[in-house]
Number of protein chains: 2
Amino acid sequence: MSNPKVVVIGGGTGIPVVLKALRKEKIDLTAIVTVADDGGSSGRIRSAVNIAPPGDLRNVLIAMSDMPKFYADILQYRFDKSDGELAGHPLGNLIIAAVSEMQGSTYRAIQTLAQFFHVEGKIYPSSDAALTLHAVFKDGHEVLGESHIASYKGLIDHVYLTQTASGDSPVASKNVVKSIMEADTIVLGPGSLFTSILPNIVIPEICEALWKTSAKIVYVCNIMTQRGETEHFSDADHVRVLNEHIGTKVIDTVLVNIQEVPEEYMNTNKFDEYLVQVDHDFEALKAEEVNVISNNFLELRDGGAFHNGEAVAKEIVAISQRQEFRH
Amino acid sequence: MSNPKVVVIGGGTGIPVVLKALRKEKIDLTAIVTVADDGGSSGRIRSAVNIAPPGDLRNVLIAMSDMPKFYADILQYRFDKSDGELAGHPLGNLIIAAVSEMQGSTYRAIQTLAQFFHVEGKIYPSSDAALTLHAVFKDGHEVLGESHIASYKGLIDHVYLTQTASGDSPVASKNVVKSIMEADTIVLGPGSLFTSILPNIVIPEICEALWKTSAKIVYVCNIMTQRGETEHFSDADHVRVLNEHIGTKVIDTVLVNIQEVPEEYMNTNKFDEYLVQVDHDFEALKAEEVNVISNNFLELRDGGAFHNGEAVAKEIVAISQRQEFRH
């Protein structure tokens, strides 16, 4: 019996903790990573070099590699704030940028670096070109650029993508659709709903593949609401927004954390985008026709509330084994 | 019998061809590399980040590593001219810069990267701080900065160094003096006399070690004269200038190329700093009390005249074996 195929879709700050845990499991692991980031170092790089933004890919590459911590620290090392033209760039971003430009493709660069750093599994940027995220708010206002969305006051109605260079509709990069179609389990998140997960899903080919695949689709629901993104969202709201963007109720299972975050634990200066714990609305979840796995998925560290990668991975593996058995 | 110890001193465009050939020989190989470069990418990096310039070290690191050519190409890859703040930086320079800043020392960064890239032998920056090269011309005029020296019209009388940050006299980095003292053979060059070789030698501790060491000191004389540096220099002039800077006639042996460079071969647009072939002056060499090994050391490639690394390495190994036997 071959290993179950698990595809994780999201961005570079949310999914690494789960990928790191899944990497050790007996599964075929694939990560599909957003390329719509336009803030910070990634934003500066994509405006200087004509490539997909490297930041999310860097974090996923490190999470899925067996490199010693010392080398991970080197790739994560950021040039000092006082370093002029280099200030604030993580070295790993510059490496991905250089190899992308050299090979004429971020997709190819990631395959090269994944091999170099002994990545177990596959990493695909969701598209091989830099994308622009558009958020249309309930009031009709539209904001361009992932990094500007949270600062507009209002409720997001929906997001969509264009190719930054051409303005055209985005296309999925090689093997992305194939890996979704062949998967036993698709994992969405964890991560920012509108700015990390949806910027993969609203690529039309990916959206269509999520309709068509026979894989179980599992959503790892956020623990906290996010400022300017998911304020006052219940877990059911998260699932509903995903299903609305995909166009049908494709989410089979949602992982919901039921462990309380001690209010006094959160370092609200450091993690100022996180507001309050996501409310449970099991009635509304039922309306989304989704299986709910409630458990303690919480890990408190560094003054923040995160998913416990091991606990999430354990559920994903269990779901994948059941799913594969069914085939 | 242990392997003969060979120390090669110079800069990043001259010595790599010899290091690459020596790496395969049964010797203990050490490279001592100048950190006085202040032009191009290295110049921009040392002014943005408070570290020794990485360019020469990058080339030596690649020459002494067993990395596949594809990885060498990645480290040598330069961001495109149109890439804004990153334009023109070779990726390898950015890696050395980041690791230097992270570890607080270019010396340590090079040891880290040498291990990572399986360098056979040792690589030491001649100093662990960025240095400023000063050239005092025969007319008394002084030019600061390695990259500005060639453009001043005049004959260089001598060069000296200061620490760029403090203005103090430069200090040799760890293990540099020790490796010179323990060497069987010291190889100076090949490379630019005033801007690659002497910027190591005029560090007072290194100069003193060259006086004191019992190693044979071999100078690999340039094939061509260089604009603004060694115009009209004979081979004996090169040796004399070295001995004058060191303060005594320490050069034991000079390797002199006697193969003619076909005038029509040279691509004078590409290699506009090279002028004419260095003249031989065997009488004047005698006055420098130096053994002369004349041979065909020429390699013509890419429209330029270079040393044949294998031929130079063969002579160095032969000298080293004789020297070690004598001990």
Side-chain angles (χ1 to χ4, degrees), chain A residues 40-51 53-54 58 62 65 67-106 108-118 130 165, chain B residues 40-51 53-54 58 62 65 67-106 108-118 130 165:
Chain A
S41 162
S42 279
R44 279 161 60 204
I45 286 174
R46 62 182 268 176
S47 74
V49 189
N50 181 26
I51 59 156
R58 177 189 89 248
I62 292 168
S65 154
M67 69 178 80
K69 183 172 177 307
F70 180 57
Y71 293 137
D73 289 346
I74 288 176
L75 291 181
Q76 294 288 24
Y77 181 76
R78 277 178 197 270
F79 279 101
D80 193 80
K81 279 178 201 165
S82 65
D83 286 349
E85 63 190 24
L86 299 175
H89 282 305
L91 178 60
N93 283 8
L94 299 174
I95 293 173
I96 294 171
V99 181
S100 295
E101 188 179 72
M102 178 181 165
Q103 300 201 286
S105 157
T106 300
R108 282 179 63 198
I110 293 300
Q111 309 320 305
T112 297
L113 293 168
Q115 191 179 10
F116 186 82
F117 288 115
H118 305 134
Chain B
S41 162
S42 279
R44 279 161 60 204
I45 286 173
R46 62 182 268 177
S47 74
V49 189
N50 182 26
I51 59 156
R58 177 189 89 247
I62 292 168
S65 155
M67 70 178 81
K69 184 174 177 306
F70 179 57
Y71 293 136
D73 289 346
I74 288 176
L75 292 181
Q76 293 289 23
Y77 181 76
R78 277 178 198 269
F79 279 101
D80 193 80
K81 279 178 201 164
S82 65
D83 287 348
E85 64 190 22
L86 299 175
H89 282 306
L91 178 59
N93 283 9
L94 299 174
I95 293 173
I96 294 171
V99 181
S100 296
E101 187 179 72
M102 178 182 165
Q103 300 201 287
S105 157
T106 300
R108 282 179 63 197
I110 294 299
Q111 308 320 306
T112 296
L113 292 168
Q115 190 180 11
F116 186 82
F117 288 114
H118 305 135

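Numbered from 1 within each chain, the chains take letters A, B, ... in sequence-line order.
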Contact part of [X] toward chain B, heavy-atom cut-off under 4.5 Å: side chain, backbone, both or neither?
X	answer
A:V49	both
A:Y77	side chain
A:S82	backbone

(Q) B:E85: which residues meet the salt bridge (Lys or Arg N to Asp or Glu O under 4.0 Å) condition with it, sequence neighbours left out? (A)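 Testing B:E85 for salt bridge (Lys or Arg N to Asp or Glu O under 4.0 Å), a comparison that skips the adjacent residues, returns A:R44.
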Q: Using the test salt bridge (Lys or Arg N to Asp or Glu O under 4.0 Å), find all partners of B:K69 that sit at least two apart in sequence or belong to another chain.
A: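 By the salt bridge (Lys or Arg N to Asp or Glu O under 4.0 Å) rule, B:K69 matches B:D73.
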Q) Is there a side-chain contact between A:N50 and B:D80 (heavy atoms, below 4.5 Å)? A)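 When only atoms from C-beta onward are counted, B:D80 and A:N50 do not touch, as no gap falls below 4.5 Å.
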Q) Can you name the closest pair of heavy atoms from B:F79 and A:L94 and give their distance? A)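 Looking at all heavy atoms of both residues, the closest pair is CZ-O, 3.5 Å.
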**Q.** Partners meeting ring pair (Phe, Tyr, Trp, His ring centres under 6.0 Å) with B:F116 (sequence neighbours left out)
**A.**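 Per chain and number, B:F116 pairs via ring pair (Phe, Tyr, Trp, His ring centres under 6.0 Å) with A:Y71, A:F116.
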**Q.** Residues from residues 86-93 of chain B approaching chain A under 4.5 Å (heavy atoms)
**A.**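 When heavy atoms of chain A are the reference, residues 86-93 of chain B contributes B:L86, B:H89, B:L91 within the under-4.5 Å range.
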